[in-house]
Amino acid sequence: MPTARTSPTHSSHPARRRNGSGSLRWLLVIAFSTALLAGCTTRQTATDTTGQQAPVAAAPASADESLRQLTLLEASERDRTAVAWAGAYLQQGRIDAARQLLAVADDRRLDGDNLLRWAIIRAQLLLALPDSKAALALLAQPRVSAAEGATGEDSLRTRIALLRADSLTLDGDLLASLRERVSVNQLLPDEQQAYNQRMIWTQMMLLPRDTLADARSVTSSDALDGWLELAMIYRDPLADIDTQIRNLDGWQQRWPDHAAARNLPGMISGLRKAVRNRPRSVAVLLPMNGPMAPAAAAIRDGIMASYYSALNQGHPVPTLLFLDSSTSDVLALYNEATAAGAGMVIGPLDKQQAARLAQTSGLTVPTLALNYVDSANTDAKLFHFGLSPEDEARQVARQALLEGMQLAAVLHPDGDWGMRVANAFVSEFSAGGGVVTTLNDFGDDATASTRQLLNLGQSEARARQLRRYAPVAVEFEPRRRQDIDVVFMVANTEQARQLKPALNFHYASDLPVMATSHIYAGSPSPSRDSDLNGVRFVDIPWLLDGESELHRLANNVWPEGHGRFERLFALGVDAYRLHARLPLLQSMPDSFLPGVTGQLSMDADQNLVRKLQWAWFANGQPQRVPVVAGTGQAHTDDNASVIIPPAGD
């Protein structure tokens, strides 16, 4: 096997578009769900003098006329009619009119199914604000819960449950929402069931995989267990596509009557189609000589590890053709690869060569360039994949916002690379409503850099001024600036080992510190990394989940590992796996590859975007950490539900 090294330059186009933010997507989903439920509102009834339920008259076109007519009705009839007409207006999308009519009804006079109808409309109106906490509080009222338990109408019970699920989703509690959806799924009509199952699957794709595993260990619901097992199979970052298909076949044999077996999620159907249509021959363009050769060798070793892993398991594998891109013109090399029958091309690695392909139209086969470029693609068959540090910075920013951190300090190394990563964080954090209160670069003096970041000089200057005029001796303890909820640190391992102790020394040991994968050297070093205790960072599953057959194969073939190129080895593993999945990721915007370099999805510019796993340092060693969304309000220590490790552990 060839050899490998050097880290290529990874950059993102300034206008690079990512998949829509999770928060926006969820608001749109909830808006649709609320509209769906409103559209399913059952015909409201009122009680006539014989005690029988009679249909309520159609709501007048004008809300003012409705309010006038309601004043002519007896109290109990007025309450039920107001609820019915409010539901009709809500079904028409007339939220303000629905709110006016519902205000007329006195819920204290309502009971049973009529109370449930009022609660459904009231919860829908609250979600339209959106005010998920108020909706949850309403649906949890003892009177509403009692009516829910007593009703004989499945449609009311399911609508309450789905509204509770929507409210929990908006509130960030995806697992509780998932339980609600699964519990009522079988009671739903076919159309609503199909929508509900799409929501179940989507939420399982958003939850951390560890959360799904923990939920499986405690659930007593067979229906939920089947869903969770299916999601775990799809989400396995260490399984190749054929192993996933085999495990999915086994799942269907074990769960033939499960709701998901009768209507498989689109991602799984797409996976089966991708397996059938994958290319039979793949050409790999990598520089075998020159300064990028060591990096290329690590990538090629990763490709070969993935290839032999599939071969050893008896899975179909493509023919691999390796071509040296270090001296040849990339377009000539591309034509050579396709002339040799390649159904896909992986490479080139060099940024300039990737840019040249990006400026070329008429590519004949899917092509996965192993770098990002600064110009937009001109060809629909060209895709870009690399270890973009900007993706990591954006992910850190989103998580900080989810946990309610509104004020951020950014510490980055001087130079273009550090500025690019810092700017990616700043843009994402600001777009989400956060404020970057200070942006500082650092040099060789960690103490001076952190003092400047925390404004300790101003605190000491004030003390000197006070001492000058005070008649008695003044005791003084320096105080750091208070407009910081989180520190985002862009630093490699050696830099971080100096910066974090300096932050602790300068009265900032209580501040949460988040970082990119560059803070971790790739292998545990407890004695040297103990100063990093408490720092949270994102990194690739390959380094954080070290036990798999693929790891064992790699350790046997390359017992010394790949050193600082280990992440590029993982890039090679995923580059191979993408040969069967690019059409799936392209055709299904919500699909992803649970890869060893992260969860890979495709943006509108056909860039592969990575979502990494979270870890923290404890006792000097990286440990996986479950990440749970907080309240989205300020002051993380009060509101975020993620557990922060003690800095001194």
Side-chain angles (χ1 to χ4, degrees), residues 1-10 209 235-241 243-244 282 284 286 292 294-310 320 346-347 349 368-372 383-392 395 492-493 516-524 537-582 585 592-601 607-615 622 624:
M1 294 181 192
T3 51
R5 167 188 156 75
T6 180
S7 193
T9 303
H10 297 286
R209 192 169 182 270
R235 295 279 300 275
D236 186 354
L238 298 171
D240 58 45
I241 193 169
T243 300
Q244 285 184 306
V282 176
V284 184
L286 290 173
M292 298 186 74
I299 293 171
R300 186 167 68 171
D301 289 350
I303 292 173
M304 296 307 299
S306 201
Y307 172 90
Y308 280 114
S309 174
L320 293 181
I346 297 176
L349 177 62
L368 182 65
L370 299 178
N371 213 322
Y372 299 110
F383 308 88
H384 297 274
F385 177 41
L387 302 182
S388 167
E390 289 94 334
D391 282 347
E392 301 182 21
Q395 182 177 341
N492 63 30
T493 308
T516 62
S517 64
H518 306 87
I519 197 175
Y520 179 43
S523 58
F537 64 100
V538 290
D539 212 333
I540 64 175
W542 180 254
L543 294 180
L544 298 178
D545 299 329
E547 295 295 328
S548 72
E549 286 299 324
L550 187 58
H551 280 93
R552 283 186 278 276
L553 184 152
N555 291 336
N556 288 337
V557 178
W558 301 280
E560 300 301 319
H562 291 81
R564 65 192 184 97
F565 300 116
E566 193 67 27
R567 291 182 177 87
L568 291 176
F569 176 87
L571 180 75
V573 171
D574 278 350
Y576 175 87
R577 290 180 174 180
L578 283 165
H579 86 272
R581 297 196 193 230
L582 280 180
L585 298 179
F592 60 85
L593 163 65
V596 298
T597 59
Q599 180 176 297
L600 305 178
S601 58
N607 297 302
L608 275 298
V609 179
R610 296 182 304 140
K611 180 180 179 182
L612 283 73
Q613 294 177 344
W614 279 93
R624 288 283 308 280

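Residues Leu553 and Ser309 are in side-chain contact: their nearest non-hydrogen atoms beyond the backbone lie under 4.5 Å apart. For the pair Leu349/Met292, a side-chain contact is recorded, criterion being any heavy-atom separation below 4.5 Å from C-beta on. Counting heavy atoms from C-beta on, the side chains of Gln599 and Leu612 never come closer than 4.5 Å. Between Gln395 and Trp614 the shortest side-chain heavy-atom distance falls below 4.5 Å. Considering only heavy atoms from C-beta on, Leu608 comes within 4.5 Å of Leu582 through its side chain.
Nearest heavy-atom pair across Leu370 and Ala575 is CD2-CB, 4.1 Å. Nearest heavy-atom pair, Leu585 versus Leu600, reported as atom, atom and distance to 0.1 Å: CD2-O, 4.0 Å. Contact record, Arg581 with Leu593: NE-CD1, 3.1 Å, taken as the closest heavy-atom pair. Here the closest non-hydrogen pair linking Leu238 and Ser548 is CD1-CB, 3.4 Å. Nearest heavy atoms, Pro237 versus Gly595: CB-O, 3.5 Å. Here the closest non-hydrogen pair linking Thr597 and Ile540 is O-CG2, 3.4 Å.
By the ring pair (Phe, Tyr, Trp, His ring centres under 6.0 Å) test, Phe537 pairs with Tyr520, Phe617, sequence neighbours left out. For Asp545, the salt bridge (charged side-chain N to carboxylate O under 4.0 Å, His left out) test picks out Arg624, with sequence neighbours left out. Evaluation of the side chain to side chain contact (heavy atoms under 4.5 Å, CB included) rule for Thr493 yields Arg497, Ala521, Asp529 as partners, not counting sequence neighbours. In this structure, the side chain to side chain contact (heavy atoms under 4.5 Å, CB included) partners of Ala239, at least two apart in sequence or on a different chain, are Asp236, Thr243, Gln244. Among residues two or more places apart in sequence or in another chain, the ring pair (Phe, Tyr, Trp, His ring centres under 6.0 Å) test is passed with Tyr576 by His579. Not counting sequence neighbours, the partners of Glu566 by the side chain to side chain donor-acceptor pair (under 3.5 Å) test are Trp542. Asp539 pairs by the salt bridge (charged side-chain N to carboxylate O under 4.0 Å, His left out) definition with Arg567, not counting sequence neighbours. Residues satisfying the side chain to side chain donor-acceptor pair (under 3.5 Å) criterion with Ser306, sequence neighbours excluded, are absent altogether. Applying the side chain to side chain donor-acceptor pair (under 3.5 Å) test to Asn492 and every residue at least two apart in sequence or in another chain returns nothing. Legend: residues meeting side chain to side chain donor-acceptor pair (under 3.5 Å) with Ser517, ordered by chain and number and at least two apart, are Glu392.
In this structure a side-chain-to-backbone donor-acceptor pair under 3.5 Å is present from Asp574 to Val596. Between the side chain of Arg610 and the backbone N or O of Ser388 there is at least one donor-acceptor pair closer than 3.5 Å. Looking at His384, its side chain does come within 3.5 Å of a backbone N or O of Asn371 through a donor-acceptor pair.
Expressed to the nearest 0.5 Å, how far OH of Tyr372 lies from CG of Asp391 amounts to 5.0 Å. Rounding to the nearest 0.5 angstrom, the gap separating the CD1 atom in Ile303 from the CG atom in Leu286 is 5.5 Å. Distance CZ/Arg564 to NE2/His562: 13.0 Å, rounded to 0.5 Å. Between Asn555 atom CG and Leu550 atom CG the span is 9.5 Å, to the nearest 0.5 Å.
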**Request:** Give the intermediate values and the outcome of side chain to side chain contact (heavy atoms under 4.5 Å, CB included) for residues Asn607 and Phe383.
**Result:** CA-CA 6 Å; Asn607 297 302; Phe383 308 88; over 6 Å; no

**Request:** Determine, step by step, whether Ile299 and Phe569 satisfy the side chain to side chain contact (heavy atoms under 4.5 Å, CB included) criterion, reporting the C-alpha distance in whole Å, the side-chain angles of both residues, the deciding distance to 0.1 Å, and the verdict.
**Result:** CA-CA 5 Å; Ile299 293 171; Phe569 176 87; over 6 Å; no

